[in-house]
Each structure stands twice: as structure tokens, then as C-alpha cells.
Protein chains: 2
Amino acid sequence: MPISPLFRPIDVAPAYQKVADAIEREIVNGRIKPGDPIGTEHDLVRQFGVNRSTIREGIRVLEEGGLISRDSSRRLHACLPRYSKLTSRLSRALVLHEVTFRELYEASMTLEVASIEGAVEQASEENLAELTDNLARSEAVVGDPAMLAECDAEFHVLVAKASQNRVLQLAREPAAQLFYPTTEMIVTGVAEGGPRLVAAHRHLIDAIRRRDREAGVLWTRRHLQDWRRGFEKIASLDRSVEHMYMEHAQAARRR
Amino acid sequence: MPISPLFRPIDVAPAYQKVADAIEREIVNGRIKPGDPIGTEHDLVRQFGVNRSTIREGIRVLEEGGLISRDSSRRLHACLPRYSKLTSRLSRALVLHEVTFRELYEASMTLEVASIEGAVEQASEENLAELTDNLARSEAVVGDPAMLAECDAEFHVLVAKASQNRVLQLAREPAAQLFYPTTEMIVTGVAEGGPRLVAAHRHLIDAIRRRDREAGVLWTRRHLQDWRRGFEKIASLDRSVEHMYMEHAQAARRR
DNA sequence: GGCTCTAACTTTGTCGGACAAAGGGACAGC
DNA sequence: GCTGTCCCTTTGTCCGACAAAGTTAGAGCC
């Protein structure tokens, strides 16, 4: 016969973790709003009654989670976690789990098609202006694989943004970040690559402007299939995402 | 006229950040493999030539990022970042950005349909066994909204797992984690809710077993539309995800 | 020999204090 | 009004210390 539950399990966690949890709670509960100052380390020492080293460890945890950050003068304040910072963690995890390019490709096919569908339906004039601006810049650097790959990555971020669906924006990020380095390789290796990429973007913008869902989906598929064909000239889709690609993501995260 | 770039920007970062970066690099480069011991704090003090407090701050950063963790005896070792830990951070971000349930619903429609399509194509016997087991447990707790909601969340994780696509598994997690608490509310509020949910699961397993893609997609759509109808009896789809839901995700993360 | 129990030893979590460098603010001087 | 200087605060880092928990090694017992 089980004994009656007289006691609750007691919460035994290191002090720095409790500090981090306490501050996190205040932020997610909304009592501390993004932008609000957290106070100096010394303030926190007084409030929590623990040593400054302990406070600092707690702060590192929150900082890494993107919940708080330090402004130009290194003062602490709460902030809205930036997707790109968090999703780069996920990209890193995908690399370490050695996912294959096939998984990346298939998931992206779904996510990018959903993005364009949302964009066709929801894009504002401002979204279109951003996309058009991106297209112009892409055309200017069509001969420079590195720059073009960067433009391509930005283009798809803008399409997702135009869908006005932030969940979707976030969901596609981890995979997209791993695509980016390969795009450069492909554009370098395939002569037709650059112009075809830019042409696809042009058709996509056109589809969004005309609210033509079919065309949007069609050109997104083609665009991704182009990537796939280019990639398969270099390597097998069943190869796992290489460690070296992480360096790109790592550099991007620091920005 | 711009001056010629004689100097590279110098890398000025706090020591604890450099420590974290150095260890991270070794892990993502594969020189330290998941499971490998990192050494004691004292070892790191010797290797990096900085104070233990500094080392500890660096360790916190990596620990929070899921790259290293402490085993039962609190010794440090590299590890494969667990998706659930990372995605709960994304869920938190979505809450703070006040995304709406409509965004959640529309993104999930895409992601869950993609999951079932993958599952229909790729599911192994083991995946089916897990799903069947989950169904049995769901039927046993159909009267208990909290338990049933938990089973429902697990069911969809298992479907995504059956797709054998880890990118997709990861992409759907943040949205799924925010769904979970609402499922409980809906099952509580709608009399038919529990049985309909279990019935949908049964049809989905059946579709996977028969490799019937159409049926899988159809029942996934219905299942989500059920959720939507139930939700709209309680609140508007355009309401933002409430702060209170975070408490579930927070509790889940600690597990 | 294999087992248990105990006594060092190690490691972590926390503490207190310390100091240099950088930033912010007030204040005088132009 | 702008600039330069001095002072105070804050952060990043260091040092040394100690209790608690875990590890290891060895003594003692079967």
C-alpha cells in the first residue's frame, strides 16, 4: 500500500539556476517587459542574497537563452529573443545529429512551399518592396557566388516574412541556415546556377504580386529542384550535413 | 575614397566567451565527440590559463546551449543537444513575440500534414508499435483531459518520428509545444472531444499501416479542424498565445 | 579472493574580497 | 554650446577559501 503523499518533492537546484529561473519567470509572465532594465549585478546580489559569482552564472544562462542582453554600456535588460540566434542553436544540433541533405531537402520543400503560399495570400506592399530590392541586389552580384548565396538566403527569409506567419518563419530557419553554405558551392560549380536562381526569384516575386498561388508553388518547387540537381552533381543527398558547414552558422550567429 | 583595409577587425570578446567558443569549436568540428569527457573545471583552468570563475561562466553558456552537460556525478562531458530542450526555448520566444493561435494553427496544418505524409511513406514496424501502444494508453485515459492531452502530444511526436525526417521533427516541435496546453482545455470543454481525438488517432495509424497517403492527410486535416472548432468555442483564433501557457513548456523543459 | 566499510582525496557550488578597464555623469574652462 | 577632466559605478577577471557530495583507495571481514 502506497504511503499517502505527505510531502511534495522539494526543489533542489543550484542557486545560479534558481536565480535564472526567477528572472525568467518574471519575463515570461510579463512582469518584466522586453526592454526593461534588470538592474546591476550588485542590485541582484542584494535582491537574491547570493554572491556575485552566483548571479553572474545565472545571468550567463539567461543571456545564452536570449532572454536578456546587455546594451552598449553593458547594462542588463530584458529583450525579445531573436529567432536567428535561437535557430542557429537548432542548426548546430542538426549538424551534430548528422542529418542528411535529403532530410533537409524534403523538409524545406514543405516549409518553403508553405511560405510562398502564405506570402501569395498575405504579402504587403512593403514585403514586395523588400523582395524587389533583394532581387535588384541579387542581379548585381550574380557573378559572385558568396554574395549571391547570401542574397538567396535573405530572399527566402523575406518570403517567409511576407507570409505574416511567425511560426512558419521560425520553423523554416534551422533548415534554411544549413542550406545557405551549399548554395554558394552550387552556384560556384554550376555555370547556369546564378542566372537560374535569379530568374526563379523574379518569377516568385511576380507570383506574389499577381496573387498566383499555383505559379508560386510551381516556381518554389523548381527552385528547390534546381538546388537538388546542382547538389547531386557534387555529392549524394544521403550524405550527412558536414561539420564544416557549421562554421558559417557560427559566424552568422555572432552578427 | 575608402582606405585600404590594412587591418582586420580585432576579435575582442570576454574571456568566458572565448572559453565557450573554443570548446564549442572542438565539439562541432568533431574532435570532441558526444559522450567524451571535457575534464574538470580545474583541468580547464590549467588549459586556458584563466580563473575558475571565468571557466564556470563559459561552461554555463555551453550547458545552456545543450552542447555539454553533467552526468550523475556532475562531471562534464560533451553531448548531443536534445531537441526538446532547444525547441522549448523557441516556444518561449513565440510566446514573448505574442504569436496568434491562427499562426500556430496554419503552420501546424502544414507541418503535421508533412509529418503524416512522411510517416505513411517511411514508418517502420517499430514506429507502428509505438503508435499502437500510444493509442491503447490514450483509450485508457479518454476521460482524463490532462492525461489525454499528454498522450495526444506524444502521438504527434511519434508520427513525426515515423517520418524518419529529423528536420521535420524539429521544425514542428515549437508549435506543437504550444498546442499541448490548449488540447487539455478543449477536451475538458467539449463533450465529444476525447472520443473524437482517439478516433482520429486510430484512423491515422490505420492510414500509416495501409500506406494510404490520402487517408492520412484527410484525417490529419480533420483532427486539426476539430482542434480549431473546439478552440473557437473558447476563444478567438486571433488571440495571442498567452503567457500562462509557458508554464507548461517550462515544466516540460526541466524533465 | 571477494566483499563491505571507512578514511582520504577530488570536484563542485558558493562565498568574500580585490582590482583594472571602461562607461557615465558632473563640473570647470573655453 | 562644446570640450576636456575628474570621480564614481559597473563589469570582467582574479585570488583564496570552505562545505557538501562524489570518488578512490585501502583496511578489515567473510
* To do: Return the set of residues passing ring-ring contact (aromatic ring centres under 6.0 Å, His included) with Phe179(B) (not counting sequence neighbours), or none when no residue passes.
  =>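 Phe179(B) satisfies ring-ring contact (aromatic ring centres under 6.0 Å, His included) with Trp227(B) once adjacent residues are dropped.
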* Kindly write out the residues that satisfy ring-ring contact (aromatic ring centres under 6.0 Å, His included) with Phe48(A), not counting sequence neighbours, or none if the list is empty. => none
* Atom pair distance, as rounded to whole Å: CD in Glu41(B) and C1' in dT14(C) ->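 From Glu41(B) CD to dT14(C) C1': 11 Å.
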* Calculate the interatomic distance between Arg75(A) atom CZ and dT9(D) atom P; express it in whole Å. =>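 Atom-to-atom, Arg75(A) to dT9(D), this comes out as 12 Å.
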* **Interface residues of residues 42-63 of chain B with DNA chain D (non-hydrogen, below 4.0 angstrom)** =>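 Residues of residues 42-63 of chain B under 4.0 Å from DNA chain D: Val50(B), Asn51(B), Arg52(B), Ser53(B), Thr54(B).
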* Of the non-hydrogen atoms in Cys151(B) and Val141(B), which two are nearest, and what is the gap between them? ->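 The pair with the smallest heavy-atom distance is SG-CG2, 4.1 Å.
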* State whether a side-chain donor-acceptor pair under 3.5 Å links Glu98(A) with Ser240(A). =>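 No - no donor-acceptor pair under 3.5 Å links their side chains.
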* Report yes if a side-chain nitrogen or oxygen of Arg70(B) is closer than 4.0 Å to either non-bridging phosphate oxygen (OP1 or OP2) of dT11(C); otherwise report no. =>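 Result: no.
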* Structure fact -> Distance col, row Leu96(B):CG vs Lys33(A):NZ, nearest 0.5 angstrom, shows 11.0 Å
* Return the 5'-most residue of the pair Tyr16(A), Arg74(A) with respect to DNA chain C, ranking by each residue's nearest nucleotide. =>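 The residue closer to the strand's 5' end, by nearest nucleotide, is Tyr16(A).
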* Considering only NZ, NE, NH1 and NH2 on the basic side and carboxylate oxygens on the acidic side, decide whether Arg60(B) and Glu57(B) come within less than 4.0 Å. =>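 Salt bridge between Arg60(B) and Glu57(B), a charged N being under 4.0 Å from a carboxylate O: no.
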